[in-house]
There are 2 protein chains.
Amino acid sequence: MKVTKKNSVVVVDDHSLFARSLANLINSFSNFEVLFQAKNGVEMQEKLQAHDVLPEIILLDINMPVMDGFETAEWLAQNHPEIKVLALSMEDEEQTILKMLRKGVNGYLLKDIHPELLNKALVELQEKGYYHSEKVAETLLHSLNPTEDEKNLEFKENELTFIKLACSEMTYKEIADVMDLSPKTIDGYRQDLFRRLNIKNRVGLVIFALKNNLTQL
Amino acid sequence: MKVTKKNSVVVVDDHSLFARSLANLINSFSNFEVLFQAKNGVEMQEKLQAHDVLPEIILLDINMPVMDGFETAEWLAQNHPEIKVLALSMEDEEQTILKMLRKGVNGYLLKDIHPELLNKALVELQEKGYYHSEKVAETLLHSLNPTEDEKNLEFKENELTFIKLACSEMTYKEIADVMDLSPKTIDGYRQDLFRRLNIKNRVGLVIFALKNNLTQL
DNA sequence: CGCGTAAAAAGGATTTTACCTAATTTTTAA
DNA sequence: TTAAAAATTAGGTAAAATCCTTTTTACGCG
């Protein structure tokens, strides 16, 4: 029997049933094994320190309590750039994917992937240094060629603050007070955003913000 | 070797990696086996018809395309009341849980359950006819003793329609036109809801609707 | 300094929301 | 059939939101 060192993988996901099943699946592969599991970024950090060896690959869920995938990916990129990170998520929201990619993850996998493809994904990630499922590839292409509606989707700090506050029950006057600006300035932000985002009223802005993860409920 | 007929289980979940892992886990149990899997309610209906035998238990995801868990549970309760349905979901939102329970499911399991508990859950479901994870039990207790804020959380058909339309860019006048009611009636709905839900403006209503899954983005 | 540019602010008008109370119609139940 | 309850509609008013245009301010730069 040929004995080859298996590549070690870490699974970070707060859904223990899923994480466990995933770990079992990976351990059934001849070329990969699970080093450990963690429920969130903090637990992962602790376990990474406690272990002598580092994993080659980290499978990282996005929606987690305590320290979510975005923060964890950022920390990994800064502290362990050699570890390949594969983001694992239910969501195929364009903004979410792009946000993770900007954090420096090496791949993005939707959780509805076929089990057979997981091995392929891990191998490709190891060999090529990246792997993206098809939907993600589409999203990337799409983001390179944004439609008219989706241009001007970058916001200045103040705009972003305004948008987030507009997603609350505050009146514009109250928002102006909090941001220490004139109500007329706030009205300027509002008007400009309505035009750029092609929306008709504040509800439209709230919907836009939620769809694009600019704020959360 | 003692040969006992295994109880058959069907897994309905659009996340194939999760569904597959779940199926593997169940097949590893000595007392349960997976009859088939389906990606949504429609596919489940088709496969149920195609099979001679019916499963004892159906594990049902809530968030699915085409035909979601709510619709599927409703259909199962009407057409196959003898099959025990175990709702399986990431969410522990009180409203979601209650909605599923009202559809007649026999149990509600959060996806972050420990693998060891799944077997226990299936056995209990089979023997007692129901199983609920701890968090759900808490939710049930909580719902029996609602706080002041959470009373009056049931909506009439018209109110629900209004709420959903209010979560769009339509003005109240436009909503009145669509619903074929006087703007004054719409204003009545609005006012009543603001008071009952203790919210200040339309954004508050949108947030409430989204938090309680009355509408979706 | 003066110029250009972008952010901030203002003026002023209209529409939409929001709030309160009361009247009318429809539905329900006795 | 009739009284009570629920749903719908009205009237009026104040506050907030929306829209358009113009002016002021802040700041870097040749």
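Worth saying up front: this structure is predicted, and the values here are computed from it rather than measured. Throughout, protein chains are lettered first and strands after them, A, B, ... in sequence-line order, and every chain is numbered starting at 1.
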task = Please determine, for the side chain of B:Asn201, which listed nucleotide (C:dA18, C:dT21, C:dA10) has the closest atom?
result = C:dA18
Any side-chain heavy-atom pair of A:Leu210 and A:Cys167 under 4.5 Å = no
remark   = Axis-to-axis angle for the helix from C:dC1-D:dG30 to C:dA30-D:dT1, ends of five pairs each, to 10°, equals 30°
request  = Using a cut-off of 6.0 Å, state whether more than 12 heavy atoms not belonging to B:Gln216 lie near its atom CD.
outcome  = no
ask   = Taking atom P of C:dA7 as reference, at what distance in whole Å does atom CG of A:Leu193 sit?
value = 12 Å
ask   = To the nearest Å, how far apart are A:Lys184 NZ and C:dA9 P?
value = 12 Å
ask   = For the pair made of CG in B:Leu197 and C1' in C:dC19, what is the distance, rounded to whole Å?
value = 16 Å
inquiry  = Is it true that, when you exclude B:Glu157 itself, more than 12 heavy atoms of the residues, nucleotides or ligands shown sit nearer than 6.0 Å to its CD?
reply    = no
request  = Could you identify which residues of residues 168-182 of chain A place a heavy atom less than 4.0 Å from some atom of DNA chain C, listed by residue number, or say none?
outcome  = A:Leu181, A:Ser182
inquiry  = Donor-acceptor pair, distance only, cut-off 3.5 Å: does the side chain of A:Arg202 make one with the backbone of A:Ala166?
reply    = yes
request  = Would you name the heavy atoms of B:Asp68 and B:Thr72 that are closest together and state the gap between them?
outcome  = O-OG1, 2.6 Å
key: Within-4.5 Å side-chain heavy-atom neighbours: B:Ile207 and B:Ile199   = no
key: For the student: nearest non-hydrogen atoms of B:Leu88 and B:Asp61, plus distance   = O-OD1, 3.0 Å
query = On DNA chain D, nearest-nucleotide positions of B:Lys156 versus B:Pro183: which is more 5'?
reply = B:Lys156
query = Which atoms form the tightest heavy-atom contact between B:Glu169 and B:Glu174, and what is the distance?
reply = O-OE1, 4.3 Å
key: Interatomic distance where CG belongs to A:Asp187 and P belongs to C:dA8 [whole Å]   = 14 Å
query = Would a 4.5 Å heavy-atom cut-off, applied to side chains only, mark A:Thr185 and A:Phe162 as touching?
reply = no
ask   = Atom CD of A:Glu159 to atom P of C:dA8: distance rounded to whole Å?
value = 9 Å
inquiry  = Please tell me if B:Arg190 has a side-chain N or O lying less than 4.0 Å from either OP1 or OP2 of C:dC19.
reply    = yes
key: Interatomic distance, A:Gln191 CD vs C:dA8 C1' [rounded to whole Å]   = 14 Å
Min side-chain heavy-atom separation B:Val85-B:Lys103 under 4.5 Å = no
request  = Can you establish whether the number of heavy atoms outside B:Asn79 located under 6.0 Å from its atom CG is more than 12?
outcome  = yes
key: Contact interval (first through last nucleotide) of DNA chain D with protein chain B, 4.0 Å heavy-atom   = D:dA7 to D:dG12
query = In whole Å, what is the span from the CG atom of A:Asp192 to the P atom of C:dA7?
reply = 9 Å
